[in-house]
Student: 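Sharing a structure with you now.
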Amino acid sequence: MRQIIIDCDPSPDDAVAFLLALASPEELNVLAITTVAGNVPLPLTSKNARKALELAKRTETPVYAGASAPLLRKLITAEHVHGRTGFDGYELPEPTMALTKGFAPEAIVDLVMQRKAGEVTLCCLAPLTNIALALAKEPRLGTHVREIVLMGGAFSEGGNITPAAEFNVFVDPEAAARVLSCGAPITMIPLDCTHQARTTNARMEKLRAFGTPVAEAFYHLLKFNKIFDEQKYGWEGGPLHDATVIAYLLAPEIFTGRKVYVNVECASPLTLGMTVVDWWGVTENPKNVQFLRDVNADRYFDLVIERLGRL
Ligand code: RIB
Ligand code: CA
């Protein structure tokens, strides 16, 4: 049983990730969901998280709101991908559940440090501002967590928000650099991996066939969410990025990668937010990241769809 905290900026792929975790109580215990500004501003990411929890009748899950802006930079959002609300494509009722009192970075510190070392896994699906702030409050966090598993970065796939940078890292590169040097065991799931895992029509129809409110809602939310990437890349379906983090905890064997040195460009205007990956070990730098470059997409969607069907 893993104790996990999920930090996110819900658009649908974030919500699928935490619903996948909540649908897996044999393997995972979700201590809290924390929200951050990213795909859309903080009020909307915090609202979307609660909309999805209410839909799935999981309102006992605490939701703490966190940072509304990156550490140093102006917030960059992605309404062009996810719509103005971040949950465009299907109307969900305004949430009635309240946010849990407290600032997400502080909640992360408390939830981790009040448990023994090596107990809590941080699942990071968004810009890493909350995690960096938690590390600022409690520098020992990095060596107290069991693991940090994050969706972010890219190697040979290139960027998705600039030619060089993946969105989560680009929005707050300083936060990403801080996390990568915090001393925790880090598993990174980059675009090289998530771009292999696309919401094709057959997979979406399989989800819809459950006929549950969750299946129907996420059929439509994901259908909207894939439009931008289908037009940009010419694919059928869009990448289901963030659920790979939870799928890794449930079925690590469907991923492959290697331990490498990774760092983040925080200065150059041309390549800001680029994750520089020493895949071939040409430096003596410490191998700080398990970098997962590939996934078995069919087994990934079999897992995600079957579990979502339970809600
Ligand atoms: O680049 C993909 C990431 O950006 C995902 O986490 C997606 O939800 C967006 O936040
Ligand atoms: Ca996200």
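One-based numbering, in listed order, for ligands and for the atoms of each.
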Student: Would you say the side-chain atoms of Q290 pair up with the backbone N or O of P185, donor to acceptor, closer than 3.5 Å?
Tutor: no
Student: L308 and F210: side-chain contact (heavy atoms from CB on, under 4.5 Å), yes or no, with the steps?
Tutor: CA-CA 9 Å; L308 282 192; F210 282 106; over 6 Å; no
Student: Can you find a side-chain donor-acceptor pair between H82 and N225 that sits under 3.5 Å?
Tutor: yes
Student: Which residues and atoms, counting only protein N, O or S, are under 3.0 Å from the Ca ion (ligand 2)?
Tutor: D9 OD1, D14 OD1, D14 OD2, L125 O, D242 OD2
Student: Looking at R50 and E54, is any side-chain nitrogen of the basic one under 4.0 Å from a carboxylate oxygen of the acidic one?
Tutor: no
Student: So H195 and H241, would you call those rings parallel, tilted or perpendicular, with 30° and 60° as cut-offs?
Tutor: tilted
Student: Counting only heavy atoms and a distance below 4.0 Å, can you name the residues contacting ligand 1?
Tutor: D9, S11, D13, D14, N39, L125, M151, N160, E166, F167, N168, H241, D242
Student: Tell me whether E216 is salt-bridged to R208, with the criterion being a basic N under 4.0 Å from an acidic carboxylate O.
Tutor: yes
Student: Any side-chain donor paired with an acceptor under 3.5 Å for T34 and D7?
Tutor: yes
Student: Could you give me the CA-CA distance, side-chain angles and deciding distance for I227 and Q231, then say whether side-chain contact (heavy atoms from CB on, under 4.5 Å) is met?
Tutor: CA-CA 6 Å; I227 296 168; Q231 285 166 356; 3.6 Å; yes
Student: Would D302 and K206 pass as an ion pair if we require N to O under 4.0 Å?
Tutor: yes
